[in-house]
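Below is one structure, written out as C-alpha cells; the observations come after it.
Letters A, B, ... mirror the listed sequences (proteins, then strands); counts begin at 1.
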Amino acid sequence: MKRNRRMKSILVLSLIFIIAFTLVGGCAKPTAPAPSPAPAPEKSDGPAQEIRFDRNIKIGIVDTYTGPPTVYTYDARDGFTLAAKEINAEGIHGAKIEFVTRDEEFKPDKALSWARELITREGVDVLCGFMSSASALAVSEYVKDEKVPTVVWMAQTEKITGEAGHRYIFHVIPNTRMSGRAAARYLADLPYTRFALVGSDFEFGHAIINTFWKTMTELNPKAEKVVETFWPVGEPDFTPYISAIRAAKPEVVVAAPGGADQIPLTKAIGAAKLAEEMVVYLHIGTDHAGLVALGQEAPEGMYGSSPYHYYYPDTPENKAFVEKFHAEYGRYPNFAGFNGYITAHLIAEAYRKAGSLDTEAFIDAFEGLSINSPVGQVTMREYDHQLIQPFFIGKTVKDPGKDYLIATDIVMISGEDAIPPLEEIKKIRGE
Amino acid sequence: MLEAKEIHAYYGLSHILFGVSLEVKKGEIVCVLGRNGAGKTTIMRSIMGLTPPRQGQVIFKGKDITRTPVHKIAQMGMGFVADNRRIFPDLTVEENLDIASRGGQQKGAWNKEKIFTLFPALKNITSRRGGYCSGGEQQMLAVARALMGNPDFLLLDEPTEGLAPLVVRELMEQIGRLREEGLSILMAEQNVRSALKLANRVYVIDRGEVRFQGTVEELEANEEISKKYLLV
Amino acid sequence: MLNVFSKLTKGQFFSFKLLIIGIVVLILLFAPSYLSRYYLYLVTLILVTVLFATSLNIPLGYGGLLVLHQATFYGVGAYAFAIFLKQGTLPILPASLIAPLIAAAFACFIGWICVRLRGLYFSFLTLAMGQLVWAIIYRWYNFTGGDDGIHAIPVPDFLRSGSSVFYTTLIVVLISLLLIYIIVKSPYGLTLQAVRDNPQRCESVGINIRNHRLIAFVMGGFFAGVAGVLFVLLERSVAPPMLFWTKSVEVLIMVLLGGMFTFLGPAFGAVVVIGMMTFFGIFTEYWLLFLGSIKILLLLFLPQGVLGYIEEMMAKSAKKIEKGEERGYAQG
Amino acid sequence: MDFLTLLPDFSTMTSQVFIGLSRAMILFMVAVGLTVSIGVLRVINFANGTFYMLGAFTAWSIAMWVGGTAGFWVALLVAPLVVSVLGLVVEAGLLRRLYNRPRLLQLLLTYAVVLLFNDITKIIWGVDFKTIEVPLKGFVTLFSNVSLPSYNLILLASGPLVAFGLWFFTNHTMVGKITRATATDREMVDALGINSKKIFAIVFMLSCYLAGLGGALIAPTTNIVVGMGITILVNAVLVVVVGGLGNIWGTFLASIIFGVGESFGLLIAPRFAIVFPFAIATVLLILRPTGIMKSVW
C-alpha cells in the first residue's frame with residue numbers, strides 16, 4: 001500500500017501544481033485592482049478646486065524594450081516619467097498619475113496580450129506607447145472594443161488616425177503623411193526640380209515617399225522624379241543605391257530610411273560625400289539619437305528633419321525641459337523623450353479639463369485640447385485625434401563644443417501646415 | 001603489468017560484463033577469444049577507460065586506473081588499437097602518426113623511421129588519406145599509431161578482422177616482433193588459429209563471463225570448450 | 001519488466017491520470033465564472049498554445065523528426081483564416097475548416113520535400129522553407145498586409161465575448177487533443193514510434209518510412225493550423241512575427257520543458273512557459289534574463305522535461321517495487 | 001522605374017557582383033565560427049550570433065577608450081580575444097555539459113544563452129545607438145563606373161584571409177591536425193593520450209574568436225545594437241548547412257552564393273530581395289541535401 005501512496009503523492013503534487021497554475025492570480029486578483037486612493041489635500045485651493053478625484057489615474061505603457069528601438073523607447077519612457085513627476089507635484093484634482101510598463105518586443109501579438117493585461121487586470125485608464133506600427137494597429141482595434149483611450153507616441157503610420165482611426169485612439173507624433181507633407185513644403189521652396197526618391201522597403205518608407213511626392217507635385221508641378229528605389233530593411237551595404245542615385249544626377253535626394261537603416265545610410269552618405277554634390281534630405285535625419293551615435297562621421301550639410309531638437313527652439317520652456325531631463329538622466333532627450341513628455345502633460349491636462357475620471361468625458365476634453373509644450377503650442381485635432389505639432393527641418397553642422405553634429409538653419413514647419421486637411425482624412429475614412 | 005578484477009560493465013541499461021577477471025604479465029601476449037558479441041570489445045574498452053566498469057577494478061602498473069580519464073591512461077603507457085581500426089579518415093597516414101607522437105628523444109623510442117622499418121608498406125603511402133587506405137594498410141596504421149605513443153602495453157581489438165589471409169600472416173609476424181621489443185599485449189580475437197600461434201595464454205569469453213583460462217595447449221586439449229564457445 | 005508492472009497497476013495508474021485530467025477539465029469548464037477577464041484570456045491563450053505545442057509533438061516526439069519551423073503552419077493557418085474573413089470570401093465555419101487544411105497542404109508540400117532527408121538536414125530544410133514562407137508573407141503587401149499584418153478581422157459578434165471565445169477554444173482544443181491521442185495510440189501511431197526508434201528494422205519489414213513521417217508532419221501542420229485559427233478568434237489580428245523562426249524555437253522549448261516523450265508534456269510546457277513569460281514580464285524589465293536562466297537550468301537538469309521527469313520517477317519507483325525493494329519505504 | 005535601367009549593363013553587373021561579395025564576406029565572418037563549432041564540437045551554437053554581437057560591442061568600448069582611428073585597429077586586435085575568453089567561460093560553465101546530449105537540447109540551450117546575453121548586454125552597454133568611426137575613408141574606383149568604399153576592401157580581403165588562415169591552421173599545425181582528428185573521432189583522440197576536452201575548449205574559443213572578429217569588422221559599417229546577432233544568425237546557419245557542415249571552403253562558397261544571389265535578386269525583384277537567400281537555401285538543399293561541399297559529419 002505504501003508504494004501506491006508514494007506514487008500518488010507525486011501525482012497529487014503535480015496535480016496541485018497544475019491547479020495552482022490555472023488559479024494563481026486568477027483567484028489572487030479576481031478583479032482589477034483599483035488604483036490607490038488619492039492623497040488627502042494639503043490645503044484647500046478655494047472654489048476653483050471643487051472637483052476632487054477619489055483615486056489616482058493609472059496609465060499603462062506598452063513599448064519595445066528589447067532590441068534596437070530601445071534607444072527611443074527608453075527616452076519616451078523617461079520623458080513620460082519626468083512629466084509625471086511634474087504633474088504629481090501639482091496633482092490633477094488631487095490625484096496623481098501612476099504608470100506601469102510592459103515589453104512587447106516589437107511583436108504585435110505580445111503587444112495585444114499586454115494591452116489586455118493592462119486593461120483587464122491592471123485596470124488602466126489610458127494606454128500609451130507602441131513603437132511598432134503593426135502593434136499600434138492591432139491594439140487600436142482592441143481598445144476600440146474596450147473603449148480605453150490609447151495614445152500612440154512612436155509608431156508613425158498614418159493609418160492610425162487615417163483609415164483605422166476611431167474615437168479611442170490618439171496619435172502624438174507627426175505621422176508619415178505629415179512628415180511627407182512637411183518635407184515637400186520645405187523642399188518646394190528650394191529652386192530644384194530633379195528629385196531622387198529612396199527609402200526602406202516597408203510600409204513606412206513607401207508612405208512617406210508617396211505623400212511627399214504627391215504634395216511636391218501639387219506645390220511644384222515642374223518637379224521631376226529621376227529615380228525612385230527602395231532597399232530591403234536591414235540593408236548592409238548602401239553603395240549600389242548611392243551609385244544609382246549619382247548616376248541619375250538628381251538635384252535633391254529624399255530618403256525615408258527605417259529605424260534600422262538610419263545610421264548605416266547616413267554613414268554611407270557621409271562616406272560618399274553625397275551631401276556635397278546635391279541636396280540630401282533624410283527623414284528623422286537630424287535627430288539627436290542618430291547624430292550622437294555617428295559622432296564626427298555624420299555628413300556635414302545634410303538636410304534632415306526631426307519633431308524635436310533639444311537646442312531648438314531656444315526658448316525658456318524648452319531650456320527648462322532640457323535642463324530637467326539632463327539633470328535627471330544625464331543625457332539630452334531625443335524626439336521620443338519629447339513625445340513621452342508631452343503625452344503625459346496632454347493626458348493630465350485633459351483630465352484637468354474634464355474634471356472627471358470618466359473615459360468619455362476624458363476623450364471629450366482631449367479632443368481639441370491645446371497645451372504649451374517646450375516647442376510651443378500643440379493641439380489635439382478634434383476630428384481625427386492627430387496631434388498638430390510642429391516639425392523641424394535643418395542642416396547638419398559641426399559644433400565646436402560637441403563631439404557630434406547638430407542641426408542648424410532650423411526651419412519650423414507649423415503643425416497646421418504639415419497636417420493633411422480634414423477633407424483628405426474624411427475621404428480616406430469614406431465619410 | 002595489467003590486472004582486471006571482477007569488472008562489471010554496462011552500455012546504458014544493458015549489462016554486458018559480469019565479473020570478468022584477467023591478467024597480463026610483462027612480456028606476455030594474452031589472447032581473449034570468443035564469438036561475436038561475447039563481450040571482447042567491451043573488455044578492451046573497459047580497460048582503456050572508454051566504458052569504465054561500474055564495479056570491479058582495473059590495475060595497471062600497480063595503479064588503480066578504474067576511474068582515470070582515457071587520455072591519462074594512454075599517457076601511462078597503454079596503447080589502444082580499436083576493433084574497426086578507427087583511422088582518422090580525413091588525415092593523411094603521416095598526419096595520423098604525427099598527432100599520436102609523444103615520443104621524446106629517449107633511446108628506443110618509436111618514431112616514424114622505426115615505424116617504417118616495422119611496417120615498410122606504410123612508407124610509400126605517407127600522403128594518402130586514412131580513409132582511402134586498404135584494410136591491411138589501415139590495420140598497420142592503427143598499430144603504428146598506437147606505437148607512436150611509446151606504450152609498453154598494447155590492447156589489440158580484433159586486428160585480423162576482415163583481412164586477407166596473407167595480410168593476417170604478415171600482421172601476426174609483426175605483432176610477434178613487438179613482443180621482442182618488450183611490449184605486453186592483450187589481444188581480442190575471433191580468428192582462433194592465427195592468434196593461438198602467438199599467444200602465451202588464453203581466456204575464453206562468452207556472454208560476458210570468463211569460461212576458460214589457461215595455456216594454448218590446455219585449450220587445444222579441451223575440445224568441449226572449443227566446441228561450445230568457439231565454434232571450431 | 002515494465003510490462004509486468006504495468007499489467008499489475010495499469011488500471012490504477014490509468015484511472016489516476018484520467019482523474020487528474022478530469023479534474024483539470026472540470027476546473028476549466030467553470031473558468032469563466034471565477035476567473036477575471038484577463039485570466040480567462042490568458043487561459044484561452046494557453047489553450048491555443050497547448051494545441052500548438054502538442055501539434056509539434058506529433059512529428060517531433062512521436063515521429064522523431066526534428067522540425068525546426070512549426071510556426072510556419074500556425075502562421076499559415078492563421079493568415080488563411082484571417083484573409084478569408086477579411087476579404088469575406090468564405091463564411092466563418094467553412095473558413096475555419098479550410099484554413100487548417102491549407103496549413104496541412106503547406107505541410108504536405110514542405111514535408112514531401114523534407115522527409116527525403118535525414119536528421120539535421122531535414123531540420124535545416126524545414127527552417128529554410130519556413131523562413132521562405134515568412135519572407136513572402138512579410139513582403140506581399142497586397143495579399144497579406146506585409147509587415148503591418150492584418151487587423152480588425154471581422155469575427156461574428158457571438159464569438160467576441162471572452163467566455164464564448166474561451167468555450168470555443170476549449171472545445172476545439174479538447175477535441176483536437178483527443179484526436180491526436182487517438183492517432184498516436186492507433187496502429188499508425190505505434191508504427192510511427194517504431195519508425196522513430198528503429199528506422200532500419202522498420203524498413204526491412206517493409207514499412208514505408210517516408211510516408212509515415214510525411215503523414216505525421218502533415219498532421220502536425222494541420223493541428224498547428226487549427227491553433228492558428230483559434231489564435232485569430234482570440235486576437236482578431238495577425239502579423240508576420242507569428243511565423244518567424246524565433247516563434248518556432250519558443251514552442252520547441254515548451255515541448256522540451258514539458259517532456260517530448262509524454263503525451264501531455266508539451267501542454268504542460270506551454271502552461272509553464274506562458275505562465276513564466278507573463279509573470280516575469282509583469283514584475284521585471286529584465287524578464288529575458290530570468291526566463292533565459294530558468295530555461296537553461298530546467299533543460300540542463302531535467303533534460304527529459306518536467307512531465308517526463310515525473311513519469312521517470314514513477315517508472316523508477318515501479319521498478320523498485322517490482323524488484324521487491326520497497327522495504328526501505330516500509331521501514332521509513 | 002527601376003534605378004538599374006539607368007546604368008549600363010556591364011558596370012551594373014560588376015558592381016552587383018562586388019556588392020554581393022562584400023555582403024558575402026559579412027555573412028562568412030559569422031558563419032565560419034558556426035561551422036567550426038559544428039564541425040568539431042558537433043554543437044549547433046545559436047549563441048554564435050551573440051558572440052558576434054559581443055564582438056561589436058567590445059570593439060566599440062575599446063575604440064572609444066583608445067580613441068581616434070587607431071582605436072578601431074586596436075579594437076580589431078583585442079576585441080576578438082576578449083570575446084574568446086568569454087567563450088571559454090561559457091564553454092567551461094555550460095557547453096561542456098552538452099556534448100553528449102541530444103542535438104535538440106543543445107540547440108535550445110544555446111538559444112537560451114542568447115536570451116540571457118541579450119539582457120546582460122543591455123545592462124552593461126545600455127540602449128544608445130552605437131557606431132565606430134570608419135577607419136578607412138573615401139572610395140576606390142574599380143572600373144569606370146564602379147566604385148567601392150575603401151573599407152569594403154578590408155571586408156573583401158578579410159574573408160579569404162580568414163578562410164586561408166583556418167585552412168593553414170587545420171592542415172599545417174599540430175593542434176589543427178588534432179582538431180581535424182577530434183572532429184571525426186573524439187574517443188580515439190583520447191585513446192592516443194590527448195586530452196580532447198582541451199581541444200574542444202580551444203576550438204570553441206577559436207569559433208568565438210572568429211565570431212568576435214566578425215562583429216568587430218562589421219562594427220564600423222552598422223549601428224551596434226542588442227539583437228544584431230539574431231537577424232544574421234538564421235542566414236548564417238543556412239550558409240553553414242548549404243556549404244556542408246564543418247567545411248570551411250564550403251561555407252566560403254555558400255556565403256558567396258548567398259551574397260551574390262541576393263544582390264542579383266535585387267535586380268530581378270527588389271521587393272522580394274529578402275526572399276532570395278531562403279529560396280537559394282531551399283533549392284540548394286533540395287538538390288544537395290548534405291551541402292555543396294563535403295560535410296565532415
Taking A:Arg116, A:Lys110, A:Lys107, A:Glu203 one by one, which has the highest count of heavy-atom pairs under 4.5 Å against chain C? A:Arg116
Roughly how far, to the nearest 0.5 Å, is the CD1 atom of C:Ile282 from the CD atom of A:Glu122? 6.5 Å
Side chain, backbone, both or neither: which part of A:Asp201 has a non-hydrogen atom closer than 4.5 Å to chain C? both
Proximal component of C:Phe279, with respect to chain A [non-hydrogen, under 4.5 Å]: neither
Side-chain donor or acceptor of A:Arg121 paired with backbone N/O of C:Ser36 under 3.5 Å: no
Option in A:Phe204, A:Tyr65, A:Tyr74, A:Phe106 with maximal non-hydrogen atom pairs under 4.5 Å from chain C: A:Tyr74
Taking ring pair (Phe, Tyr, Trp, His ring centres under 6.0 Å) as the definition, give me every residue that meets it alongside C:Trp134, ordered by chain and number, with sequence neighbours left out. C:Tyr138, C:Phe244
Closest contact, heavy atoms only, C:Tyr141 versus A:Phe202: OH-CA, 2.8 Å
Could you state the interatomic distance from CD1 (A:Ile119) to CZ (C:Arg37), rounded to the nearest 0.5 Å? 8.0 Å
Interface moiety of A:Lys159 toward chain C, non-hydrogen atoms closer than 4.5 Å: side chain
Largest heavy-atom contact set with chain A, pairs under 4.5 Å, which of C:Ala239, C:Ala152, C:Pro240: C:Ala152
Beyond-backbone contact of C:Arg236 with A:Leu112, side-chain heavy atoms, under 4.5 angstrom: no
I need the residue from A:Thr66, A:Val100, A:Asp145 with the largest number of non-hydrogen atom pairs under 4.5 Å to chain C. A:Asp145
Toward chain C, the part of A:Ser113 with a non-hydrogen atom under 4.5 Å: both
Output the distance between atom CG (C:Asp148) and atom OG (A:Ser135), rounded to the nearest 0.5 Å. 10.0 Å
Which atoms of C:Leu288 come close to chain A, meaning under 4.5 Å heavy atom to heavy atom: side chain ones, backbone ones, both, or neither? side chain
Give the intermediate values and the outcome of side-chain contact (heavy atoms from CB on, under 4.5 Å) for residues C:Trp287 and A:Asp103. CA-CA 9 Å; C:Trp287 61 280; A:Asp103 181 8; 3.1 Å; yes
Evaluate whether atom OH of C:Tyr41 has more than 12 neighbouring non-hydrogen atoms of other residues, nucleotides or ligands under 6.0 angstrom away. yes
Measure the spacing between CD of A:Glu141 and CD1 of C:Ile150 and express it to the nearest 0.5 Å. 12.5 Å
Is any side-chain heavy atom of C:Glu285 less than 4.5 Å from a side-chain heavy atom of A:Arg77? yes
Could you measure the distance from the OG1 atom of C:Thr278 to the CH2 atom of A:Trp114? Nearest 0.5 Å is fine. 5.0 Å
Rounding to 0.5 Å, atoms CG (A:Leu137) and NE2 (C:His151) come to a distance of 5.0 Å
Pairs satisfying ring pair (Phe, Tyr, Trp, His ring centres under 6.0 Å), at least one member in residues 115-163 of chain A, at least two apart: A:Phe80-A:Trp153
